[in-house]
Amino acid sequence: MPTYFVRTFGCQMNEHDSERIAGLLEAEGYTKADDADAADLVVLNTCAIRENADNRLYGTLGQLKHAKQRRPEMRIAVGGCLVQKDKGLIIERAPWVDAAFGTFAVGELPALLERRERTGVPAFEFREQTEVFPSALPARRTDPFHAWVAVSVGCDNACTFCIVPSVRGPQVSRRMGEILDEVGALMDEGVVEVTLLGQNVNTYGRDLDGRPLFAELLRALDGVDGLRRVRFTSPHPHDFTPDVIDAMASSSVVCEHIHFPMQSGSDRVLRRMRRSYRIERYLAWLEQIRDAIPAVAVSTDIIVGFPGETEEDFAGTLAAVERARFDSAYTFRYSVRPGTEAAGMDGGVDPAMVAERFDRLVAAQERISLERNQAAIGERVEILIEEPASRKDRRRATGRTRTNKIVHVPGAGRVAGEFVDVVVTGAHPHHLDALPA
Ligand code: SAM
Ligand code: SF4
């Protein structure tokens with residue numbers, strides 16, 4: 001039987017799509033290989049969000065070229081956002097690629113591979129809109145206890161730095177009944193946690209007849225038998241309506257964690273980014289969320305070095321970080337994405353200055369993350385075991401709290417997918433230590 005290996009770059013939507021790619025290939029009779037070197041077919045699911053994602057892809061393709069020289073029968077397929085962005089360019093730059101498929105053509109992979117064999121030349125397929133929701137395709141999930149469930153694809157916003165709307169298209173939501181049917185079927189397979197996915201997940205339903213709302217979806221999931229945890233990503237701060245907050249607060253399954261991407265603490269920069277809020281508004285929303293859900297943990301995204309960012313703007317970001325006291329933050333150096341509005345803006349920030357600001361931001365956030373984690377010492381919490389024992393330390397298992405914090409516990413006897421009550425004994429910026437309660 002032929003073997004495959006899928007390598008995923010980028011966000012959770014790509015992880016979701018990769019599980020579908022694996023599912024499709026297994027339905028065609030492929031089995032999973034342990035690594036790319038041994039596989040008959042290597043699939044790269046790419047990301048275009050920042051420039052280093054481009055560089056990493058072309059670096060990986062360079063390595064695969066050598067592997068293919070040694071094993072000419074090996075096949076290489078490339079899919080995802082970078083393919084959607086670069087279209088035929090990928091085959092021009094890497095003619096040893098056998099198949100390329102855009103974000104709307106995940107389901108085409110088996111047909112493309114077949115066409116490649118029949119014609120002897122690379123096959124590719126790009127579409128400009130979703131015809132088959134990838135969730136409708138078979139999945140081979142990485143963790144049997146967890147499932148990604150796409151509720152929408154695409155994004156109707158136009159943040160000036162972001163390439164997502166141009167590679168994932170406008171928002172298209174799935175019907176609520178279809179989502180609930182999928183979740184029901186997942187329960188029968190033993191899944192206990194689902195993560196709802198959408199590029200702008202909390203505007204779910206806006207494009208559907210009857211305009212079902214994200215809050216309604218959260219409420220409907222509360223009644224699903226067997227479902228223990230619901231997460232969602234990635235939301236836009238603007239769309240955390242009181243109704244969504246209320247649905248979260250009253251639900252027993254929606255986890256006490258929100259991702260609340262701030263991007264910048266300077267109103268001038270937020271305006272140039274075309275983010276719809278200003279920083280005081282953002283911080284006020286955060287306060288409302290914390291009032292309604294006292295146990296909530298908050299993570300964020302912040303971009304440093306957006307065109308025109310001054311030292312004063314950056315000081316605004318640092319001040320906002322101090323006031324917001326996020327549990328964690330994904331921090332990014334601004335990366336020019338050709339075709340986006342910000343790519344045409346002047347005021348590029350000197351890379352050395354960006355690096356220096358970035359380090360200051362990370363240091364501030366690490367201190368705050370540590371302080372927030374230290375506050376959890378002594379608390380009794382439920383964790384879901386994700387890794388029975390890590391590769392680094394065979395005696396240590398890793399789980400996650402409802403608040404999305406990584407927890408290390410003694411590993412003996414722990415099984416992935418099991419819930420354990422623990423008492424937090426130690427804190428670090430990015431994880432907690434705990435002992436069984
Ligand atoms: N939809 C989400 C939102 O509205 O916040 C974000 C999706 S994007 C995949 C994830 C994060 O990548 C963004 O929140 C932003 O911080 C970062 N990002 C996007 N474009 C970027 C760029 N050109 N340079 C640096 N970071 C970027
Ligand atoms: Fe990109 Fe998110 Fe803005 Fe949409 S809302 S354009 S995905 S950053």
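Sequence positions, counted from 1, serve as the residue numbers for this chain. Bear in mind the structure is a predicted one, so any value in this text is a computation, not a measurement. First listed ligand is number 1; within each ligand, the first listed atom is number 1.
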Assess [X] against [Y]: is NZ or CZ under 6.0 Å from the centre of the six-membered ring, and within 45 degrees of the ring's axis?
X      : Y      : result
Arg50  : Phe332 : yes
Lys68  : Trp96  : no
Arg228 : Phe419 : yes
Arg93  : Tyr58  : yes

Given [options], which has its nearest heavy atom closest to [atom]?
atom                    : options                       : result
atom 2 (C) of ligand 1  : Cys81, Gly10, Ser234          : Ser234
atom 3 (C) of ligand 1  : His259, Arg333, Arg275, Met13 : Arg275
atom 12 (O) of ligand 1 : Arg50, Gln263, Arg337, Gln199 : Arg50

Dump the intermediate steps for side-chain contact (heavy atoms from CB on, under 4.5 Å) on Asp433 and Val424, then the final yes or no. CA-CA 6 Å; Asp433 295 319; Val424 178; over 6 Å; no

Is the distance between atom 3 (Fe) of ligand 2 and the nearest N/O/S atom of His236 smaller than 2.8 Å? no

When you compare the side chains of Tyr204 and Gln171, does any donor N or O come within less than 3.5 Å of an acceptor on the partner? no

Under a 3.5 Å cutoff, is there a donor and acceptor pairing between the side chains of Arg275 and Tyr277? yes

Can you tell me the protein heavy atom closest to [atom] and the distance?
atom                    : result
atom 3 (Fe) of ligand 2 : Cys159 SG, 2.3 Å
atom 8 (S) of ligand 1  : Ile49 CD1, 3.8 Å
atom 22 (C) of ligand 1 : Ser335 O, 3.6 Å
atom 11 (C) of ligand 1 : Asp301 OD2, 3.4 Å
atom 1 (Fe) of ligand 2 : Cys162 SG, 2.3 Å
atom 5 (S) of ligand 2  : Asn157 ND2, 3.3 Å
atom 20 (N) of ligand 1 : Phe161 CD1, 3.3 Å

Mind checking whether Tyr330 and His259 have parallel, tilted or perpendicular rings, split at 30° and 60°? perpendicular

Could you check whether Arg400 pairs with Glu386 (Lys NZ or Arg NE/NH1/NH2 to Asp/Glu carboxylate O, under 4.0 Å)? yes

Pro165, portion touching ligand 2 at heavy-atom distance under 4.0 Å: side chain

Quick look: Gln263 vs ligand 2, heavy-atom contacts under 4.0 Å, and the answer is neither

Going by the atom numbers of ligand 1, which of them fall below 4.0 Å from some non-hydrogen atom of Pro261? 5 (O)

Within a distance under 4.0 Å of any heavy atom of Phe332, pick out the atoms of ligand 1 and give their elements. 11 (C), 12 (O), 16 (O), 17 (C), 25 (C), 26 (N)

Show which atoms of ligand 2 fall inside a sub-4.0 Å distance from at least one heavy-atom site of Phe161. 8 (S)

Dump the intermediate steps for ring-ring contact (aromatic ring centres under 6.0 Å, His included) on Phe126 and Phe101, then the final yes or no. CA-CA 6 Å; Phe126 313 101; Phe101 53 103; 9.4 Å; no

Is there a polar contact, in the sense of an N or O pair closer than 3.5 Å, between Ile303 and ligand 1? no

Considering both backbone and side-chain atoms of Tyr334, is one of its nitrogen or oxygen atoms within less than 3.5 Å of a nitrogen or oxygen in ligand 1? no

Would you check if the distance from the ring center of Tyr282 to the ring center of Phe260 is below 6.0 Å? yes

Is it true that some N/O/S atom of Cys155, main chain or side chain, lies under 2.8 Å from atom 1 (Fe) of ligand 2? no

Touching ligand 2 at all, Arg275? Heavy atoms, strictly under 4.0 Å? yes

Could you go through Arg396 and Val409, starting from their C-alpha distance and side-chain angles, then the distance that decides it, and tell me whether this counts as side-chain contact (heavy atoms from CB on, under 4.5 Å)? CA-CA 6 Å; Arg396 189 183 74 189; Val409 285; over 6 Å; no

